[in-house]
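Take a look at the structure set out below.
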Amino acid sequence: MSTLEIRDLKVSIDTDAGPKPILKGVDLTIKEGEIHAVMGPNGSGKSTLAYTIAGHPRYNVDGGSIRLDGVEVLDMSVDERAKAGLFLAMQYPVEIPGVTVSNFLRTAKTALDGEAPAIRGWIKDLRESMSALKMDSAFAERNVNEGFSGGEKKRHEIMQLELLKPKFAVLDETDSGLDVDALKIVSEGVNRAKANTGLGLLLITHYTRILRYIKPDFVHVFVDGHVADEGGPELADRLENEGYDRYVSAAAAAAAVDAPVGS
Ligand SMILES: Nc1ncnc2c1ncn2[C@@H]1O[C@H](COP(=O)(O)OP(=O)(O)OP(=O)(O)O)[C@@H](O)[C@H]1O
Ligand SMILES: [Mg+2]
């Protein structure tokens, strides 16, 4: 069984005022087939965690590890991470001018598998995935994300998830800006991917709405760069009702104790 294990992960970014620590010791273990929801206030470092797993060069890893089946992911290039089975759906997906959805997906699939998919089967898979996600077939010939609406971008990401079949996926606010129907369609896509491939999922979200369709096995509360609490699906409801106040004040109190005198 595959496992993605994040241990004591510390990450900083370079700013004009010098390095700024963002992740301050993240511990999180995801097993194949498990769904982990990560919830937490704005600016707590959730996207930073997602980008660090994906290998974005802007984030400096100062300590800790991310192991995929015991192998250090932090030593891998971005390509190697994708090949090893990691997938990131970004909070703000990028446009790729001049590259059609169809070409992009086929190139990605070829790079992952080490050989091009047989054309017939591939076109069938592509069509099936688009129709399941209720995407117009004209999308295949449009440039990646260019002029896509928010919801269309998210559907395109779930399409990648279905066709590229990663072992572990990080979805960063995939539910933001989706209308009720799109939320359902996107959630069904994620659930299909999980059922078909045993996908393990890290689902970053601000809303319990999506968790009604994608049932989390675990909920993690992310505050000030680390996991401040963990529980089952009931924790998400509690957060919705109570907010993050008690975690945020606990983090502020801990920071005050840690801070050097006079700072
Ligand atoms: N270039 C930068 N300079 C200063 N601070 C930065 C820079 N880049 C990121 N940060 C800070 O890093 C922190 C973590 O950001 P991140 O995007 O990971 O938060 P998040 O939990 O995903 O928030 P949200 O829920 O709003 O998406 C924020 O306080 C952000 O302002
Ligand atoms: Mg974010």
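Keep in mind it's a predicted model, so treat the numbers as computed, not measured.
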[X] side-chain N/O to [Y] backbone N/O, donor-acceptor pair under 3.5 Å:
X      : Y      : value
Arg81  : Met76  : yes
Asn145 : Val94  : yes
Asp125 : Leu163 : no
Tyr244 : Gly40  : yes
Ser149 : Glu152 : yes
Arg106 : Ala116 : no
Asn60  : Ile13  : no
Glu95  : Pro97  : no
Ser65  : Arg67  : no

If you count every heavy atom of other residues, nucleotides or ligands that lies below 6.0 Å from [X] atom [atom1], does the total exceed 12?
X      : atom1 : answer
Lys165 : NZ    : yes
Glu242 : CD    : yes
Lys134 : NZ    : no
Arg127 : CZ    : no

Work out which heavy atom in Ser44 is nearest to a heavy atom in Asp224; give both atom names and the distance.
-> CB-N, 3.8 Å

For the residue pair [X] and [Y], establish whether any side-chain heavy-atom pair is separated by less than 4.5 Å.
X      : Y      : answer
Phe222 : Val227 : yes
Glu230 : Phe218 : no
Lys46  : His220 : no
Lys109 : Trp122 : yes
Lys10  : Leu23  : no
Ile53  : Leu88  : no
Ile158 : Glu188 : no
Tyr92  : Glu173 : no

Please state whether the rings of Tyr51 and His56 are parallel, tilted or perpendicular, taking 30° and 60° as the class boundaries.
-> perpendicular

Fit a plane to each ring of Phe139 and Phe148, take the angle between them on a 0 to 90° scale, and name the class: parallel (under 30°), tilted (30 to 60°) or perpendicular (over 60°).
-> perpendicular

Between Glu128 and Lys124, does at least one N-O distance fall below 4.0 Å, as a salt bridge requires?
->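 So Glu128 pairs with Lys124 through a salt bridge.
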
Paired with Ile66, the side chain to side chain contact (heavy atoms under 4.5 Å, CB included) test is passed by just one of Leu4, Asp75, Leu86, namely Leu4

Going through the checks in order, is the side-chain hydrogen bond (donor to acceptor under 3.5 Å, both in side chains) test met by Tyr247 and Asp229?
-> CA-CA 8 Å; Tyr247 298 111; Asp229 200 5; 2.6 Å; yes

Pairing residues for Ile35 by the side chain to side chain contact (heavy atoms under 4.5 Å, CB included) criterion, not counting sequence neighbours |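 Expected list: Lys194, Leu201, Ile214, Pro216, Asp217.
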
In one Ile/Leu/Val/Met/Phe/Trp/Tyr side-chain cluster, 4.5 Å: Val26, Met39 = no

